Number of protein chains: 4
Amino acid sequence: MRVGLLTGGGDVPGLNAAIRAVVKHGEGHYGHSIIGFRNGWKGVVDGQAEPLTRQHIRNMLPVGGTLLGTARYHPRVEDGSMDAVLATLEAERIEALICIGGDGTLHAASKVAEAGVRIVAIPKTIDNDVWGTDASIGFDTAVTVATEAVDRIHTTAESHNRVMIVEVMGRSAGWIAATAGIAGGAEIVLAPEQPFDIVKIAKFLKHRHRAHASFSIVVVAEGAVPAEGTEMSYTTAYGKFGEIVAGSIAERLKFEIEQRTGFDTRVTVLGHVQRGGTPTPTDRILGSRFGVAAIDAVTRGESNVMTALRGDKVELVPLPEIAGKVRYVPDELLDVARALA
Amino acid sequence: MRVGLLTGGGDVPGLNAAIRAVVKHGEGHYGHSIIGFRNGWKGVVDGQAEPLTRQHIRNMLPVGGTLLGTARYHPRVEDGSMDAVLATLEAERIEALICIGGDGTLHAASKVAEAGVRIVAIPKTIDNDVWGTDASIGFDTAVTVATEAVDRIHTTAESHNRVMIVEVMGRSAGWIAATAGIAGGAEIVLAPEQPFDIVKIAKFLKHRHRAHASFSIVVVAEGAVPAEGTEMSYTTAYGKFGEIVAGSIAERLKFEIEQRTGFDTRVTVLGHVQRGGTPTPTDRILGSRFGVAAIDAVTRGESNVMTALRGDKVELVPLPEIAGKVRYVPDELLDVARALA
Amino acid sequence: MRVGLLTGGGDVPGLNAAIRAVVKHGEGHYGHSIIGFRNGWKGVVDGQAEPLTRQHIRNMLPVGGTLLGTARYHPRVEDGSMDAVLATLEAERIEALICIGGDGTLHAASKVAEAGVRIVAIPKTIDNDVWGTDASIGFDTAVTVATEAVDRIHTTAESHNRVMIVEVMGRSAGWIAATAGIAGGAEIVLAPEQPFDIVKIAKFLKHRHRAHASFSIVVVAEGAVPAEGTEMSYTTAYGKFGEIVAGSIAERLKFEIEQRTGFDTRVTVLGHVQRGGTPTPTDRILGSRFGVAAIDAVTRGESNVMTALRGDKVELVPLPEIAGKVRYVPDELLDVARALA
Amino acid sequence: MRVGLLTGGGDVPGLNAAIRAVVKHGEGHYGHSIIGFRNGWKGVVDGQAEPLTRQHIRNMLPVGGTLLGTARYHPRVEDGSMDAVLATLEAERIEALICIGGDGTLHAASKVAEAGVRIVAIPKTIDNDVWGTDASIGFDTAVTVATEAVDRIHTTAESHNRVMIVEVMGRSAGWIAATAGIAGGAEIVLAPEQPFDIVKIAKFLKHRHRAHASFSIVVVAEGAVPAEGTEMSYTTAYGKFGEIVAGSIAERLKFEIEQRTGFDTRVTVLGHVQRGGTPTPTDRILGSRFGVAAIDAVTRGESNVMTALRGDKVELVPLPEIAGKVRYVPDELLDVARALA
C-alpha cells in the first residue's frame, strides 16, 4: 500500500515523532511504502513527493520541527488547487493519506476525504484547541517552555518590585496561559474564554502590592480581550510607516496598568520559542501513539477520521464532527488559576 | 473548619504544589485552618502537628520533595497506632483530613475513613499505578528524568557499539519503562506486565547488530521478570558479607546478554534521581488541581474519596473501589513501544 | 568582626550562591557576624540592615535572584547619600563591606573605600563586561538561556524559510551575542564591538538563501550599531502617545532586512528571561568561590579590591584599576562566530 | 591541503562542535579537503577514511557523541600498528592530522608527530585533567549533568533523613566531584587529590545529624581513595561467578558509613549519563574555538602542538610538554568545597 504523509500549518515539537512512527510501523510491520510530501498541502499541489524510509527518520525522535517541512497553505476548490491535490495523489498512486496538522489542515483533510480519498488525520497545535481530543502534539512542550520563562521571570520580578507581563500563544483558547499560569504561579491569568476587566485588574494589583507583595506576574494569551463595556482606552499604536507596532495585548495591558497603578511594568512576548526545540517526552509519546494508530487505521480502511487521546486511550473520531469547533479551557482549570493567584 | 494534611510514602516532585493549593484555596477561599502533620502517618501517631499558612508555601511551587516531610509508615489496628491516629485527630480537633500518597497511604486513609474520619485522598506515585486515575502526581517528572537519561545514553551508545541497559522504577507496573522507552527510542522495553524471554531478546539483539546497528538500548522496569519456563540461569550474586550485591534485574540481564551475544553491555540504574528535582509543569498543574479539588470536596462534606484525573476532568472516586487494584500499562502502549523498536 | 553585605544593580542568577558562601564561610570559619543590607546601596542609605545567618541561606544555592533584594541606585556625594552610607555603616558598626554588583555598584564601592571603609567587591553582570576578570556572576546562565532560545528557534526557522532575529542583552559589549551565536549556530552575529553594514548583511542573506539555505538566524546584541556612513534609513517609530515603540535594534534590523531582501523576518526579544532562573553550575561555583575569597580578603585586611577569575585561579584586583573600563569581546571570538556562519 | 581528522577515547558532548568547526573553517575559509577517520586511531590503522563535507555536519552542533565514531585504541610500534598509521596517512595523502582526544589519544598523537606527521591536537575529557589547558571539551556538560543529579537527590534526601552517595567520574583527578559538589551543595566531597579518613567522615556525619540536619550528600570521584593507614575494612565483594560486583568506591563508602553511623545510606552511580547528551553552550563554544584554532594552526605549518584555553584566550602548547602530566584540582577549589559543606 502506498501511504502519503504531510505536515501542515505552523510547526511544533513532536511532529518528527509522529512521522517516525508512521514510517517505522507502516514500513516495518505492514510493508507499506510511505510517500512524504514537502511543505504540507503546498507540496501536494506542486507534486513534491519523495519516498520516506527508515534512513530519513534516524535520530529524529528528539528533534523539533518537521523533517517534511510545512506551510500555512490550504487547497481550495475555487482556485483549482483542490483539483491539483487530487491529480497529484492519483499520479503518485497514493492509496491513503495521513495528514498531521491543526484546524486548517484538518479542515482541508476533511474536504479531500469527501472527494473520495482515504484520509486519517493527526491533530497538532500548541494552542491545544482541536476539538475531540484531550491533547494535540506540541502543546506539552509549549507549556514547558512558557513555564520555564515564567519561572525565570519570577526570580527577577521578586528582586525588583514590578509587574511582569508574559504574553503566550493562544488565539481562540487560553490553554497555554492557563496551564503555564498555574504551573508558574502567576498572580493573574488572562484567557480568551473570560474577557477581562482592566479596572478590576488594576484594583487587584494595587491591593496586592499595598498589602504585602513586591511583584506580580500576569500571563496573558495573545487572544485575550477586554470585556465589552469595560474601559480600555489604549488600542493600537502606529509606526512611522503606518504599520501597527504596539498592538499586542501585552503592550496594551502594560500601558493600562502603568497608567492606573503607577507600577513599573515590563513585557515579555515569548513568540516563536514556544514552537521549537526538543519535544517533551509527552509530545514524543503522543506523536508516536498517534502515528502508530493512524497507520493501523488506514490499513483497516478507515477514512475521514482523526486520532484522538481520550483519557489514557487513543481513539478515532470522525473528522466532520470536529470541524468548526474550538476546544476551550474548562472552567475548572481557569478557576484553579484564579484560586491559586 | 480545621483541615489536617499529610504526605506519605516515597516523596515525588509535585507534592508541594498540592500542599500549596490546599493551603491557598483552603485558607484564602474558605477561611479554613490547615494543620500539617510531619512525616506522614508517623506524625499523626506522634502528634507532630503545626498550622500551615501562606508563609510556609511561599516559593515552594517549583521545589521538589515535600515541605511536610514523609515516611514509609502506615498505622495498624494491631499495634495500637490506629488508635493513636484517632486520638491525635481528636486532640487537634481535625474535622477533615487530606492524605496525599500512594497505595499504602491510600489504603490507610480508607481505614481511617471507615473509623469515622472525613477523608479525601490525593494520589501520588512515580510508578503511576494507582487505580482509578489517569495520572498520579510525580509520574510525569520521573518520565522526563528517565527520558533525559536515555537521550544521553543514546549518544554514548552510538559511538561505541554496545548494549546499554537502563533500569527505571516500576515494581508492579511498567509505566516509566514504557513511556521513557518510547520517548527515548529504546530498542527493547521490559515491563512487569509482559514477562520476557531472554532467548528471544538475545536473538533479536544479535540479528539487529548483524543487520546494521552498532548499539541497542534496553529500558527495563525494576519489576520486570522472566517468563515462566524460560531459561534465566543467573539469579543473584552474594557479596563478602552475605548480602545480595547484584540481584537487580538490570545486572541479571547484563550477565545473560553478555553470555549469549558477546556484546559489551553496560548498566545504568537511575534510582533516586527519578524521585527528585523541580516538578514538570504537568505535575505542578496536577498537584494544584488535586489540591483545589480536595479542599472543595472536604468542604462539601465528601469522605472516603480520592481526587482523580479522567480525560481532562478532575473527578472523585470512592477510595474503597481502588483498594488492592493495580493500574497496569495498557497493551496499546506496550505495542507502540514494540512497534517502534 | 561585623561584615556588611549588599547586592546592587540588576539581579542575576548566582547571587545567592555568593551570599551563601559569604555567610557560611564568614560565620562558620571565622565567626564573623554578617549584616545584610536590603536593596543594594538604597538599603545602606535607608539603614535597612538585618543579621544574615545560616537559616536565611538554607536551600538558596539553586535559586535565582537575590535574597537581599537589589536596586539600581548609587549613592552620590552631591545629594548627601554618600554621607548617609557612611553614617549607616558607623551606626551598624560595620568593619568591612562586601559589595556584589556590576559597573555602577563597583564604582560606588570604590568611592566608599576611598572614604575609609574596608571594601571587597564581587563582580556580577550578565553582560560579562567587567574589566579585570575572565568571568562575572550571571553570564554563564544568561548564555545558556539565550542558546536554548536560539536552539528552539532553529527548528522553527528551518521549517518555514525565514530570517529569525534574536535580540540578546549586551549594551557596551557583545558577550552574550557572540557566545550564544556560536553555541546556537547563528548565521550572523552582531555585537557593539564591530558596527555592522546593513547592505552587506542583506547581500549575504540573499546569496545564502539563493544558494541553498531556507532560513537564517541573526543574533544581535541590544547595543549593536550600524557602521558610520552606512545606510540605515529606518530609525525609530513613535506610538500614539509619542513614546518610542519600535526603536529596538532588532525591530530596525527586521525592517531593513525585509525591505532589502523580501524575506519574511521575525523578531524575538529575550529580555528578562536572561536574568532569571536557576543558575548554571558555573555561576554557582563562581559565586561560591568569589564569596569565600571575599571573606578571606576582608579578614586579611584587604580593601578597595575585587575578586577576579584569571584562568582557573581566583585573584584580587585593585578596584580603581577597573573603573571606567569595559571588557570587550576579543577579536578571536568574533572571528570564530563569523568563521562558522 | 588534505587534512585528516579523528576523535579517540571515550566520547563526550562537544566533539561534533569541534568537527563542525574543522570542516566549516577548513573547507570554507581555506579550501582544504577534510578527511575523516572512523573510530579514532583504529580507523587510521584500518584505512577507514571518508571525505567530510558541510553536508555531514549539518545540524550536528547540539548533538552529543561524535559523528566520526571513536574507540579506546592506540597504535603501538611493537605490534606494527604505528607503521599501519603512517601507511594509511601516506596512502590518503594526508598533509596534516587533527586529533581530538584525551591522554591516550594525545600521547599517540605526539608519537605520530615525532614520526614526521604534521599534527595538531584538541583536548577532550570529561575528567578535565589534561595538563596545559584550563578546560577540555566535555567537562562542562558532565558537571551540568552531575549537578542536576545532586539537585534532584537533594530534595529526596531532605524528605527522608538519609546519607546519599553520588559517585561521579574522575579517575586521577576530582574535577567533577569538586565542582558538582560545590554547585550541588554537597556536605562531603571526596577527590583523588586528598585521600579521605573514613573515621573522620563518620564522626562528621554523626555530629551533623545529631546537631540539626536530617540528611547529608556525599559526592565521590570514582578514583577517590582512603588515606594510607586509615581503617577501611571492607574492600571488595565477589559475585557468584567470581567477578567483582561491589568494588566501587561508592559501595565501599556506603558499607562503612552504615556500619559506623547506622544511617540509612543510598548510592547513585551516575555512569554513562555523564558522557552523553546535548553539549552545554560552554562545550559547544570550546569545541568551536579549538576547531577553528586547529585549522589555523595546521595551515600555518604548526605541528606537535595542542590547542589550549588559557584565561579567555586560545593558545597552542607543545604536545610533549603535557605528556604524562595530570592536571589536578587546585587546593583553593577543594577548600571552597570544604568551606561550604
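Just so we're clear, the structure is a prediction, and the values are computed from it rather than from any experiment. By convention in this document, chain letters (A, B, ...) are assigned in the order of the sequence lines, proteins followed by strands, and residues within each chain are numbered from 1.
Partner V273(B) forms a side-chain contact (heavy atoms from CB on, under 4.5 Å) with one of V273(D), I153(D), V150(D) and no other, that one being I153(D).
Looking at V145(B), only its side chain comes within 4.5 Å of chain D, counting heavy atoms on both sides. Residue T278(B) touches chain D through its backbone alone, counting heavy-atom pairs closer than 4.5 Å. With a 4.5 angstrom heavy-atom cutoff, Q274(B) does not touch chain D via any of its atoms.
Residues H272(B) and R152(D) are not in side-chain contact: their nearest non-hydrogen atoms beyond the backbone lie 4.5 Å or more apart.
In this structure, the side chain of T155(B) engages the main chain of G277(D) through a donor-acceptor pair within 3.5 Å.
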